[in-house]
Amino acid sequence: MWVPLEDDKFLCVAQARPTTAPTAHPEDVVGSEVDSDEHPQLRRAMDESRICREEDPRWHLGVPVRRETIPVRLGGQVIGVLSRSTNLAVPRVPSPLEISYLGSAADLCQMIADGTFPAPEPSPDVHTSPRVGDGLIRLDPSGAVVFASPNALSAYHRMGHASDLVGVHLAPLTRSLISDPFDATEVAQRIRQALDGQPSMRIEAESRRGAAVLIRSLPLRPRGQAAGAIVLCRDVTEVRRRDRALMSKDATIREIHHRVKNNLQTVAALLRLQSRRLSNPEAKEALAESVRRVTSIALVHETLSMSVDERVDLDDVVDKVIPMMGDVAVTETQVSVRREGGFGIVSAEIATPLVMVLTELVQNAFEHAYAPGQRGEVVVHSERSAKWLDVTITDDGKGLPQGFSLERTDRLGLQIVRTLVDSELRGSLSLRRRPRGGTEAVLRVPLRGRR
């Protein structure tokens, strides 16, 4: 694709190489400039507003090349020129498939020169670009098939048509093969619209035999004369089958998370019932901590049960867990907790252990940093980069006791935290005194390169 510049020069802005034939331009031409002396047909196509094929073959990088140019018209004005270069070094007899492709391409090139292709579409579909493997069917002006490529025959055979397509009127045949009446009518109507000169968007339909096919129709009207239409079809049966399998798998995984959440909530309810029957304060406190831990895990599974990609919005989970911990602490202390920064989206792999670590650290601050009735504030601050999630949990309480060691502590909560950070999160954790009083827990978790 060339666009005109000043000084009678042209700039190459796009290039496409053949997929199934030798290219005439092994080098990248995009960004290069040529003048009319190097490529006279570019200027001739611009000035005469017609396809130019009169030039004799030329040698390019040791290869004989035949060139032709097609003016690109928009709104009655030529805005650029398409050039087609054919490598003549490999002579061969063209097959019927190639002859049909070249004939259809010639009609489309003439429509480009006429300014009627590509046609403006009200809602362009970015996924409609043709592929090499698409089946091609050429229709005459009456709608009868004059040529069908092998891939097109295979697609229609899979839809349920066992014989040849040549001579068959495609619209009623396709309508009879599609299972859904609405889709059948829509596909047949779009084929007829192409014969009437109206382009159509891609449509997907499923046959009575369960085959899924993408179909798109293109009108052929070189110089404004009806020359039939091209129908592109693509067999996507296996793709849709895999899509349905993945959707079923995702639904199953979400259902599993939902059931795990229900089971954990049942366990938490049983622990609460057991706690009410106990009179020992230490036993009641141990069961209350177990309820809190089980509930934290249940919240993660509840979020995963509504996720489609096994990822968790950790901000939502933390915002649900923090009030729960604050309600537990308000009976003995008057400590508030707030969150700063954002955790973002994390994978299910680290969501559960990370939430467990956060709840244990916050609960540890509630239980050990403040005396009964003392006021205070616990702050959960998070910063996220491309590779790391850094979390700092600070309190303004009495600070760590003398000689405290995270590695030698006998507190169950901190032992759980240390185990989860080392084995599940592959991160690092440190507890230290704050200069102005209180304790600071610093957690760093890698977000990439996990195994």
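If you're wondering where the values come from, they're calculated on a predicted model, not measured in any experiment. Computed from heavy atoms alone, side chains included, the values below leave out hydrogens, waters and symmetry copies.
The distance from atom NZ of Lys320 to atom OG1 of Thr295, rounded to the nearest 0.5 Å, is 13.0 Å. The line from NZ of Lys398 to CZ of Arg433 is 11.0 Å long, rounded to the nearest 0.5 Å. Distance OG/Ser217 to CG/Leu195: 7.5 Å, rounded to 0.5 Å. Between Ser207 atom OG and Asp180 atom CG the span is 12.0 Å, to the nearest 0.5 Å. Atom NE2 in His368 sits 8.5 Å away from atom CD in Gln363 (nearest 0.5 Å). For the atom pair CD (Gln415) and CZ (Arg408), the distance works out to 13.0 Å, reported to the nearest 0.5 Å.
Under the 4.5 Å side-chain criterion, counting only non-hydrogen atoms from C-beta, Leu314 is in contact with Leu354. For the pair Arg293 and Met356, the minimum side-chain heavy-atom distance is below 4.5 Å. Between Arg411 and Asn364 the shortest side-chain heavy-atom distance falls below 4.5 Å. In this structure, Val81 and Val72 have side chains that are not in contact, with every pair of non-hydrogen atoms separated by 4.5 Å or more. Side-chain atoms of Leu108 and Leu220, non-hydrogen and from C-beta on, do get closer than 4.5 Å to each other. Looking only at side-chain heavy atoms (C-beta outward), Leu447 and Trp388 stay at 4.5 Å or farther from each other. Taking 4.5 Å as the limit, every side-chain heavy atom of Leu431 sits out of range of all side-chain heavy atoms of Glu440. For the pair Phe147/Leu139, no side-chain contact is recorded, criterion being any heavy-atom separation below 4.5 Å from C-beta on.
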Report task. Would you please test Asp319 and Phe343 for side-chain contact (heavy atoms from CB on, under 4.5 Å) and show each step? Result -> CA-CA 11 Å; Asp319 288 342; Phe343 292 90; over 6 Å; no
Report task. Please step through salt bridge (Lys or Arg N to Asp or Glu O under 4.0 Å) for the pair Arg202 and Glu204, ending with a clear verdict. Result -> CA-CA 7 Å; Arg202 182 188 67 175; Glu204 181 176 335; over 6 Å; no
Report task. List the steps and the verdict of side-chain contact (heavy atoms from CB on, under 4.5 Å) for Leu389 and Arg444. Result -> CA-CA 6 Å; Leu389 176 63; Arg444 165 165 274 204; over 6 Å; no
Requested in this report: Starting from the C-alpha separation in whole Å, work towards a yes-or-no answer on salt bridge (Lys or Arg N to Asp or Glu O under 4.0 Å) for Arg158 and Glu238.
Outcome: CA-CA 12 Å; Arg158 193 157 190 178; Glu238 297 303 325; 2.7 Å; yes
Query - Check against salt bridge (Lys or Arg N to Asp or Glu O under 4.0 Å), Arg292 and Glu360 - result: CA-CA 9 Å; Arg292 171 178 52 77; Glu360 292 293 339; 3.6 Å; yes
Report task. Determine, stepwise, if the pair Glu377 / Asp395 fulfils side-chain contact (heavy atoms from CB on, under 4.5 Å). Result -> CA-CA 6 Å; Glu377 182 182 50; Asp395 64 68; over 6 Å; no
Report task. Show your working on side-chain contact (heavy atoms from CB on, under 4.5 Å) between Ile137 and Ile230 and close with a plain yes or no. Result -> CA-CA 6 Å; Ile137 301 174; Ile230 293 176; over 6 Å; no
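Heavy atoms of other residues, nucleotides or ligands lying less than 6.0 angstrom from CZ of Arg259 number 12 at most. For NZ of Lys9, the number of neighbouring non-hydrogen atoms (other residues, nucleotides, ligands) closer than 6.0 Å is 12 at most.
Within the structure, ring-ring contact (aromatic ring centres under 6.0 Å, His included) contacts touching residues 272-305 (residues at least two apart or in different chains) are His257-His301. The side chain to side chain donor-acceptor pair (under 3.5 Å) analysis of residues 102-113, with sequence neighbours excluded, yields the pairs Ser104-Arg138, Asp107-Arg138, Gln110-Asp114, Gln110-Arg223.
Using a distance-only test at 3.5 Å, with no hydrogens or angles considered, no donor-acceptor pair links the side chain of Thr409 to the main chain of Leu406. At distances below 3.5 Å, not a single donor-acceptor pair connects side-chain atoms of Arg432 with backbone N or O atoms of Ala441. Within the 3.5 Å criterion, the main-chain N or O of Leu97 finds no donor-acceptor partner in the side chain of Ser100. Judged by distance alone, the side chain of Asp196 and the main-chain N or O of Gln198 form no donor-acceptor pair under 3.5 Å. A donor-acceptor contact shorter than 3.5 Å is absent between the side chain of Arg131 and the backbone of Arg234. Side chain of Asp134 to main chain of Leu232: no donor-acceptor pair is present (N/O by atom type, distance under 3.5 Å, no hydrogens or angles). Looking only at distances, a side-chain donor or acceptor of Thr359 sits under 3.5 Å from a matching main-chain atom of Val355. The closest donor-acceptor contact from the side chain of Thr352 to the backbone of Ile297 lies at 3.5 Å or more, if one exists at all. A donor-acceptor pair is defined here as one N or O able to donate and one able to accept, closer than 3.5 Å; such a pair exists between the side chain of Gln374 and the backbone of Ala371. Side-chain atoms of Arg216 never come within 3.5 Å of backbone atoms of Ile203 as a donor-acceptor pair (strictly under, hydrogens ignored).
Of all non-hydrogen atoms in Val378 and Ala365, the two that sit nearest each other are CG2-CB, 4.0 Å. For the residue pair Pro71 and Val78, the shortest heavy atom distance occurs at CB-CG1, 3.9 Å. The two residues Gly80 and Pro4 have their closest heavy-atom pair at CA-CD, 4.4 Å. Of all non-hydrogen atoms in Ile70 and Cys109, the two that sit nearest each other are CG2-O, 3.3 Å. Here the shortest heavy-atom pairing between Ile178 and Ala205 reads CD1-CB, 3.6 Å. When all heavy atoms are compared, the tightest approach of His25 to Arg17 is O-NE, 3.1 Å.
Considering only residues two or more places apart in sequence or on other chains, Glu383 meets the salt bridge (charged side-chain N to carboxylate O under 4.0 Å, His left out) condition with none of them. Every residue two or more places apart in sequence or in another chain was checked for a salt bridge (charged side-chain N to carboxylate O under 4.0 Å, His left out) with Glu206, and none qualifies. For Ile256, the side chain to side chain contact (heavy atoms under 4.5 Å, CB included) partners two or more places apart in sequence, or in a different chain, are Thr252, Val260. Remark: Glu285 pairs with no residue by the salt bridge (charged side-chain N to carboxylate O under 4.0 Å, His left out) rule, at least two apart or across chains.
Each of Asp313, Val318, Val312 was compared with Asp316 under the side chain to side chain contact (heavy atoms under 4.5 Å, CB included) criterion, and only Asp313 meets it.
At a cut-off of 3.5 Å, with distance as the only test, a side-chain donor of Thr237 or Asp235 sits close to an acceptor on the other residue. Side chains of His381 and Thr394: a donor-acceptor N/O pair is absent below 3.5 angstrom, by distance only.
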